[in-house]
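The shown structure was predicted, so the numbers you read here are calculated from the model rather than taken from an experiment. A note on names: the letters A, B, ... follow the listed sequences, proteins ahead of strands, and every chain is numbered from 1.
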Protein chains: 4
Amino acid sequence: MEERLADNRGRIVLATRRLIAEGGFREAQMAAVAAAAGLSTGAIYRYFPSKAELFVEVLTEAVRHEIVILNAIAAGPEDATTRLRLAVESFAQRALEGRHLAYAFIAEPVDPEVEAARLHSRRAFGDVFKAILRDGIAGGEFPDQDIDVGAACIVGAFTEALVRPVAPTAKAVADRQRLVSAISSFCVRAITGAATAARRRAPLRPRSARR
Amino acid sequence: MEERLADNRGRIVLATRRLIAEGGFREAQMAAVAAAAGLSTGAIYRYFPSKAELFVEVLTEAVRHEIVILNAIAAGPEDATTRLRLAVESFAQRALEGRHLAYAFIAEPVDPEVEAARLHSRRAFGDVFKAILRDGIAGGEFPDQDIDVGAACIVGAFTEALVRPVAPTAKAVADRQRLVSAISSFCVRAITGAATAARRRAPLRPRSARR
Amino acid sequence: MEERLADNRGRIVLATRRLIAEGGFREAQMAAVAAAAGLSTGAIYRYFPSKAELFVEVLTEAVRHEIVILNAIAAGPEDATTRLRLAVESFAQRALEGRHLAYAFIAEPVDPEVEAARLHSRRAFGDVFKAILRDGIAGGEFPDQDIDVGAACIVGAFTEALVRPVAPTAKAVADRQRLVSAISSFCVRAITGAATAARRRAPLRPRSARR
Amino acid sequence: MEERLADNRGRIVLATRRLIAEGGFREAQMAAVAAAAGLSTGAIYRYFPSKAELFVEVLTEAVRHEIVILNAIAAGPEDATTRLRLAVESFAQRALEGRHLAYAFIAEPVDPEVEAARLHSRRAFGDVFKAILRDGIAGGEFPDQDIDVGAACIVGAFTEALVRPVAPTAKAVADRQRLVSAISSFCVRAITGAATAARRRAPLRPRSARR
DNA sequence: CATGAATGAGAATTCATTCAT
DNA sequence: TATGAATGAATTCTCATTCAT
C-alpha cells in the first residue's frame with residue numbers, strides 16, 4: 001500500500017512532467033494529468049493539495065536531478081574551463097530533449113505559487129555555475145568578474161539559444177552537436193575571455209596553443 | 001474627436017503594458033485593462049478586436065521602440081565591440097525599468113496568437129545583434145563564430161540576468177549601473193574573446209577612455 | 001426639414017429591409033443599419049425608439065405594400081380560381097426576389113415585441129386569401145371548406161416551397177417560372193379540388209374539359 | 001453510474017426541448033437549460049461541447065422520432081391517398097403538442113451550425129412525403145406533378161396552419177380534431193385533385209367509410 | 001439635430017476543486 | 001481509497017442604447 005501510494009505519486013509527477021514538456025503549463029490541466037497518469041482527478045488530490053503544489057514538485061524534482069549531475073561535473077578533477085564547458089554542454093544536451101520543460105522553467109507561471117519554485121530552480125542552476133566560476137577565478141584561470149551576473153548570463157544564454165521553439169524536432173544529431181558546442185563556446189569565451197577555445201574541440205590543450 | 005480616439009487607444013495600450021509589467025499576462029485581464037484605462041470593457045473592443053490582438057500590439061509596440069534605438073546604435077560609427085557594448089547596455093538599462101514586461105517577452109504566452117508576435121520580437125532583437133556580429137567578424141574584430149547562436153545567447157544572457165524578479169525596485173542606481181556593465185562585459189567577452197573589458201570594473205570612467 | 005426627416009426615416013427603413021433580406025435579423029444590427037443608411041447609430045434613435053419598433057415598422061411596411069397588390073388581385077374581375085392563382089403567383093414571384101425577407105416573416109423573431117407584427121402580417125396575408133376563398137365557395141366554384149385553414153395552408157405552402165434557403169441565386173428564370181407555377185398549381189388544386197388546372201396554364205377553360 | 005450519465009444527458013435534452021418549445025431558441029440559454037435540468041452550467045459541457053451541438057441534438061432527436069413514425073405510415077398497406085392523410089394527421093397531431101418546437105424547426109436559427117440540422121430536418125420530412133407522392137403517381141392514384149414542390153408545400157401548409165402561436169393551449173380537443181382534419185383535407189385535395197374529402201365535414205365517421 | 005464613442009448587462013465557455021458513491 | 005460527475009466562479013466578448021459634444 002505504501003508501495004502503491006509512492007507508485008501513484010510518482011506516476012502523477014511523471015505524467016505532469018511529460019505533459020508540461022510536450023505542451024507547456026497550458027496543456028497540463030488536472031484532467032489531462034489524471035488521464036495521463038491513469039488515475040481519476042480526485043485521486044490526484046489525495047497526493048497533492050493543489051495544482052500549484054503539484055507543479056512545484058515537478059519543477060523541484062526535475063531540477064534536483066539536473067543539479068546532481070551538474071554538481072558532479074562541477075566537482076570534477078578537470079580545470080574550471082573544462083568543467084564549465086562540460087556543465088553547459090551536459091545541461092544543454094538534456095534541455096534539448098525537453099524544450100518545453102526547460103521552457104517552463106523560465107516561463108511565466110500560471111500560478112504565482114509556482115513562481116517561487118521557479119526562482120529557486122534558477123538560483124540553484126546559477127549556484128552550480130557560480131561554484132565553477134569561483135574556482136576558475138581563484139585559480140587564475142578566469143579573469144575577475146561578477147560571478148552572480150556571469151552565472152545568470154550562462155543560464156540565460158543557453159536557455160534562450162536552446163529553447164526558442166523552432167521546428168519541433170527534425171534537426172539531425174550533427175546539427176544538435178554543433179548547436180550545443182556553439183553555445184558552450186559562447187559561454188566559455190564569455191567567462192574565460194579566450195577567443196578560440198570553442199571552435200577547436202580539444203578541451204585540454206594548453207592556453208598558449210590557442211589564438 | 002480624433003484626439004479622443006488616439007488618446008484612448010494609447011491609454012489602453014499603456015494600461016495593458018503597465019499591467020503586464022506589474023503582474024504578467026495573467027493580471028492583464030480585459031476587465032482590469034478597462035479599469036486601468038478608465039474605460040468600460042466594451043470600449044476596449046472598439047479599439048482591439050480581441051485580447052490577443054491587444055497583447056500583440058503591446059508587444060509589437062514595445063519592441064518597435066526598442067528596435068529603433070538598438071538599430072541606431074548598431075549603425076553607429078564606433079567599432080563593433082563598442083557598438084555591442086552600447087547596445088547591450090542600452091537595452092539592459094531600459095529592461096530594468098520594466099522587468100515583467102521584458103519577462104513577458106520570453107514568457108509562455110496565454111494565447112497562441114501572441115506567440116507569433118513573441119517569436120517575431122525575439123528574432124528582431126537577435127537581428128540587431130547579428131548585424132553587429134557580422135560587422136565585427138567581417139572587420140576582423142571578432143573571431144569567427146556562429147552568429148545565430150551568438151545573438152540568441154546575448155539576448156538570453158541579459159534577459160536572464162536582468163529579469164529575475166526580485167523585490168520590485170529596491171536596488172540603488174549604483175547597483176544598477178554595476179549590474180548593467182557586468183552584463184555587457186559578459187557579452188562583449190563572449191563575442192570578442194577579449195578579457196579586457198570585464199576586468200576593469202571602474203564604472204564611471206568617461207566613455208572615450210574605453211574600447 | 002420635414003423633408004429631411006422623412007427622407008432619413010425612409011432611408012433607415014430601406015437599409016433595414018435590405019439587411020434583413022440579405023442576412024436575416026441577425027445581420028441587421030443597429031450599427032449595420034446606421035452604416036447602411038449613411039447615418040449614425042444615434043440618429044436612428046431619433047426616428048425609432050428601439051430596434052424592435054424599427055423592425056416592426058419594416059415588417060409592417062413591407063407587408064402593406066404586398067397586401068395592396070394582393071387585394072387588387074383579389075378584387076379583380078376574374079373567377080376565384082384565376083384570382084387565387086394570380087395572387088399566389090404574384091406573391092411567390094416577389095418573395096423569390098427577397099427570400100430572406102420572406103423568411104424573416106415566418107422566422108422566430110429576435111425580439112418578442114416583433115412577434116406581434118409578424119402575426120399581424122400573416123393574418124393579413126391570410127385575409128386576402130380568405131376573401132378569395134369566400135368568393136369561390138359562395139359562387140360554387142370551390143367546394144365548401146374551412147377557409148381559415150385553407151388560407152393558412154396556402155401561405156405556409158408557398159412560404160416553405162419558396163423560402164428554404166437553397167443555393168443563393170443561380171437558377172434561371174425558366175426554373176423560377178416552373179417553380180412558381182408548380183406552387184400555384186398545388187394551391188389551386190388544394191382549394192378547388194380540380195386535379196389538372198395547374199399543368200395546363202390555360203386559366204379559363206371550362207371545368208368539363210378538365211380531368 | 002452509466003445510469004446516471006444517460007439520465008443526465010436525457011434530462012438536458014429534455015429540458016432544452018421544453019425550453020425551446022416554450023420560448024424558442026432565445027429562451028434556451030445554457031444557464032436556463034442547466035437550471036431546468038437541475039444541473040450546473042458546467043455539467044452541460046460534460047455532455048455537449050457547445051450550445052450549438054446541444055440544439056442540433058435536440059432537433060435531430062425530435063425529428064428522428066417523427067420520421068420513424070411517418071415512415072411507418074408511408075410504408076403501410078393503404079392506398080397512397082390514405083397514407084398521405086394519415087401521415088399529415090399524425091404529424092399535425094403531435095405538432096400541436098409542441099407548437100414552439102415545431103416552430104423552431106422553421107425558425108431562423110441563432111447559430112449557423114444549427115441551420116444545417118434544421119435544413120436536414122425539413123428535407124427528411126419532405127422525403128417521407130415524396131415517397132408517398134411517388135407511389136401515388138406511379139399507381140395512377142395522383143395526377144402527375146412536381147413531387148419536390150408538393151412535398152415542400154405539404155410541410156409548409158400544415159406547419160403554418162398549426163404553428164401560428166395563439167394563446168398557449170386553450171382550444172378544445174374538438175377544435176383540434178377539426179383543425180387537423182381540415183389540414184389533411186387540404187393536403188389530400190392538393191395532391192389528389194379530388195374534392196371529396198373536404199366537402200364532407202363529418203369528423204367522426206368511421207375510417208372505413210372514407211375513401 | 002447629428003454624431004459615434006462609451007456603457008454595461010448579459011451570454012457562452014473553462015477548469016480547478018469537491019464529494020457522494 | 002478511488003472515482004469522476006458536478007460545481008460555479010471567473011473570463012472573454014457582444015451589442016442595444018445613451019449622452020456629451
[X] vs [N]: side-chain N/O to OP1/OP2 distance below 4.0 Å:
X	N	result
D/Tyr45	E/dT13	yes
C/Arg46	E/dC1	no
A/Asn8	F/dT1	no

**Message:** Within residues 28-41 of chain A, which residues have any heavy atom lying less than 4.0 Å from an atom of DNA chain E?
**Reply:** A/Gln29, A/Met30, A/Thr41
**Asked** Between C/Ser50 and A/Gly42, who's closer to the 5' end of DNA chain F by nearest nucleotide?
**Response**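 Looking at the nearest nucleotide for each, A/Gly42 comes out on the 5' side.
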**Prompt:** Of C/Ala52 and D/Ile44, whose nearest nucleotide on DNA chain F comes first from the 5' end?
**Reply:**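 The residue whose closest nucleotide sits nearer the 5' end is D/Ile44.
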Partners of [X] by side-chain contact (heavy atoms from CB on, under 4.5 Å), sequence neighbours excluded?
X	result
D/Glu66	D/Leu70, D/Phe91, D/Arg94, D/Phe125
C/Ala52	C/Ser50, C/Asp111, C/Glu113, C/Val114
A/Ala31	A/Thr41

**Item:** Bracket string, DNA chain E, 5' to 3' - pairs by Watson-Crick or G-U geometry under 3.5 Å, | interstrand
**Value:** .||||||||||||||||||||
Table please: side-chain donor-acceptor pairs of residues 54-64 of chain A below 3.5 Å, with sequence neighbours left out.
| from | atom 1 | to | atom 2 | distance (Å) |
| --- | --- | --- | --- | --- |
| A/Glu57 | OE1 | A/Arg9 | NH1 | 3.2 |
| A/Glu57 | OE1 | A/Arg9 | NH2 | 3.4 |
| A/Glu57 | OE2 | A/Arg9 | NH1 | 2.5 |
| A/Thr60 | OG1 | A/Val56 | O | 2.6 |
| A/Glu61 | OE1 | A/Arg64 | NH2 | 3.1 |

**Asked** Roughly how far, to the nearest 0.5 Å, is the CD1 atom of B/Ile12 from the OH atom of B/Tyr45?
**Response** 11.0 Å
**Message:** If you define the side chain from C-beta out and look only at heavy atoms, does anything of B/Val13 sit under 4.5 Å from B/Tyr47?
**Reply:**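 No, their side chains stay 4.5 Å or more apart.
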